[in-house]
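The structure under discussion appears below in the form of structure tokens.
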Protein chains: 2
Amino acid sequence: MNKIDTDFLATLVAHIVAVARAHGDKAPSERELAEHFAVSRGQVRESLSILESMQIIERRAKSGIYLNPETAGLDSMALFARAGVPLMPRQIFEAVELRKIHEIKAAELAAMRATGDNHARLRDILDQSAAQLAKGEGLHKLDGAFHLEIVRATQNEMFYKLCQSFYAAAEQRHAIYFGKPERNAKSHAEHLQIFDALIARDAILAQALMNSHLGGAQSYWTELLEEQKAANPLIRSGA
Amino acid sequence: MNKIDTDFLATLVAHIVAVARAHGDKAPSERELAEHFAVSRGQVRESLSILESMQIIERRAKSGIYLNPETAGLDSMALFARAGVPLMPRQIFEAVELRKIHEIKAAELAAMRATGDNHARLRDILDQSAAQLAKGEGLHKLDGAFHLEIVRATQNEMFYKLCQSFYAAAEQRHAIYFGKPERNAKSHAEHLQIFDALIARDAILAQALMNSHLGGAQSYWTELLEEQKAANPLIRSGA
DNA sequence: CGCCCTGAACTGGTCATACCAAAATATTGC
DNA sequence: GCAATATTTTGGTATGACCAGTTCAGGGCG
């Protein structure tokens, strides 16, 4: 466990959340954490600095460390996911809505601006997806790659970076979503359609296809949450 | 200069960028930085942890610290801005495009979902803007607040957080943009129109008004960059 | 002259210890 | 029971040390 790797950060967050359950609660002191994880206080402080910069915690001088999950920014989502903090339905719906906002527009722009490289990478991802699908394996990683590549094809680097951090936090969701095998095939088929529209540089069509692709995801989530409410430990009810 | 405050981080980044100009260049060693800023190595390490978590730098064990500005994520933008790293036209155009993607949709959703609280806060911001305008003061801070409040009115918390970090990085741009006095009055007038559309819950109109509001900004930036190219130290040419 | 090898200097990663002052808590005195 | 006081806890900071790869200058050899 060298350096401040993400795993340690996630473990730390998990422990802090386990101790201080509610917003504003006090977390263990630096010295306690150091002892608990058998590392030096310096290591703990470095990690806490990062968590504080993400606004996951607040460090009040001479007082203590306070959990701050509600004010935490976007970059913290990936960490919470790794730490095994349960997803809340509200977060899922918000994320899907955000994806629609981003990616419908991304599809439109990508149809107009995609380079040959973008097309090649998309084709490659789809080939891999087909192979995985044939082997009966889930393709939630490749799904993320496909959508992200479309954003990259907008040639807006900032847009790409934004969606990158967004997708980093989405793996937990994706894993749940692609848990049902039939989703994989359906998703892949829709990706192929979108790809064709991008190749044809048909912005209107690409946009429409992405809209229905994500719209499908939206309604599928609704079903999923209905039937798995309280059954799936990764999804916690409540707002 | 206690704790790891943002100012210190910005100063650190500024210094590192000053020494290691290009992507991949070596930054001063931890010990050098500690001496230069007259702080302990521990402090430097805490700061560097944060910078590394933002992917602004890369720390290679036993080798050194390497500047990494190109892979840096969104959350780093605010820091670069504070550090006085010049804006590049490309970044400005990308940011404006992103704003259009976000806020046109936000205006639509806000028209449908805004609460009384949202309306009240917007009205308050507009009142303050009018007052500032009457005093002849610039209102670039209030502009950000107005736009951010519209995003909040979508009731999508994740959306709000995303735009929050986005706006935190935009102050430098805003300050330049609102440097010209005539922008302030024009912007305020357009805000009032948008506000009316939100109150009337006219999603179509709100969307259209936001589109032209941001479209105006887009073309204004084009002018601004043309006439100030190389003249304004805050804007560096090159891609 | 050029190349390889070697050793010293440098570097990030880690730990232990100590001190400070403010905050939080326990204790005392009334 | 409450207010004043003493004690403990806590984050913030600094110093110094050790480890083991990395880097690089310098020496030796072909």
side-chain hydrogen bond (donor to acceptor under 3.5 Å, both in side chains) against A:Arg152, all qualifying residues, sequence neighbours excluded: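 Once residues adjacent in sequence are excluded, the partners of A:Arg152 under the side-chain hydrogen bond (donor to acceptor under 3.5 Å, both in side chains) criterion are A:Tyr160.
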Qualifying residues under side-chain hydrogen bond (donor to acceptor under 3.5 Å, both in side chains), relative to A:Ser40, sequence neighbours excluded: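 So A:Ser40 forms no side-chain hydrogen bond (donor to acceptor under 3.5 Å, both in side chains) with any residue.
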Please enumerate all protein N or O atoms sitting under 3.5 Å from an N or O of nucleotides 8-11 of chain C, with distances to 0.1 Å.
none

Listed by chain and number, what are the side chain to side chain contact (heavy atoms under 4.5 Å, CB included) partners of [X], not counting sequence neighbours?
{"X": "A:Ala217", "answer": "A:Tyr177"}
{"X": "A:Glu137", "answer": "A:Gln132, A:Lys135"}
{"X": "B:Glu94", "answer": "A:Asn156, A:Glu157, A:Met158, B:Arg90"}

Rounded to 10 degrees, the angle between the two terminal axes of the helix from C:dC1-D:dG30 to C:dC30-D:dG1, each from five pairs: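 Nearest ten degrees gives 10° for this helix.
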Donor/acceptor link under 3.5 angstrom from B:Arg41 side chain onto base of C:dG13: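 Checked by distance alone, the answer is yes.
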Nucleotide nearest B:Gln43 when distance is taken to its side chain, options D:dA14, C:dG12, C:dC15: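 My answer, after comparing the listed nucleotides, is D:dA14.
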Nearest-Å distance for atom pair CZ/P, residues B:Phe37 and D:dT13: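 So the two atoms are 15 Å apart, to the nearest Å.
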Nearest-Å distance for atom pair CD/C1', residues A:Glu46 and C:dG12: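 Result: 10 Å.
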Under 3.5 Å, which donor-acceptor pairs do the side chains of residues 71-89 of chain B form with other protein atoms, sequence neighbours left out?
| from | atom 1 | to | atom 2 | distance (Å) |
| --- | --- | --- | --- | --- |
| B:Thr71 | OG1 | B:Asn68 | O | 3.2 |
| B:Thr71 | OG1 | B:Asn68 | OD1 | 3.1 |
| B:Thr71 | OG1 | B:Asn68 | ND2 | 3.4 |
| B:Ser76 | OG | B:Gly73 | O | 2.5 |
| B:Arg82 | NH1 | B:Asp7 | OD1 | 2.8 |

side-chain N/O A:Arg45 vs D:dG12 OP1/OP2, d < 4.0 Å: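 Affirmative; the distance criterion is met.
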B:Glu58: salt bridge (charged side-chain N to carboxylate O under 4.0 Å, His left out) partners, not counting sequence neighbours: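 Listed in chain order: B:Arg60.
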Aromatic contact, B:His23 with B:Tyr66 (centres under 6.0 Å):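 Here the rings of B:Tyr66 and B:His23 have centres that are no less than 6.0 Å from each other.
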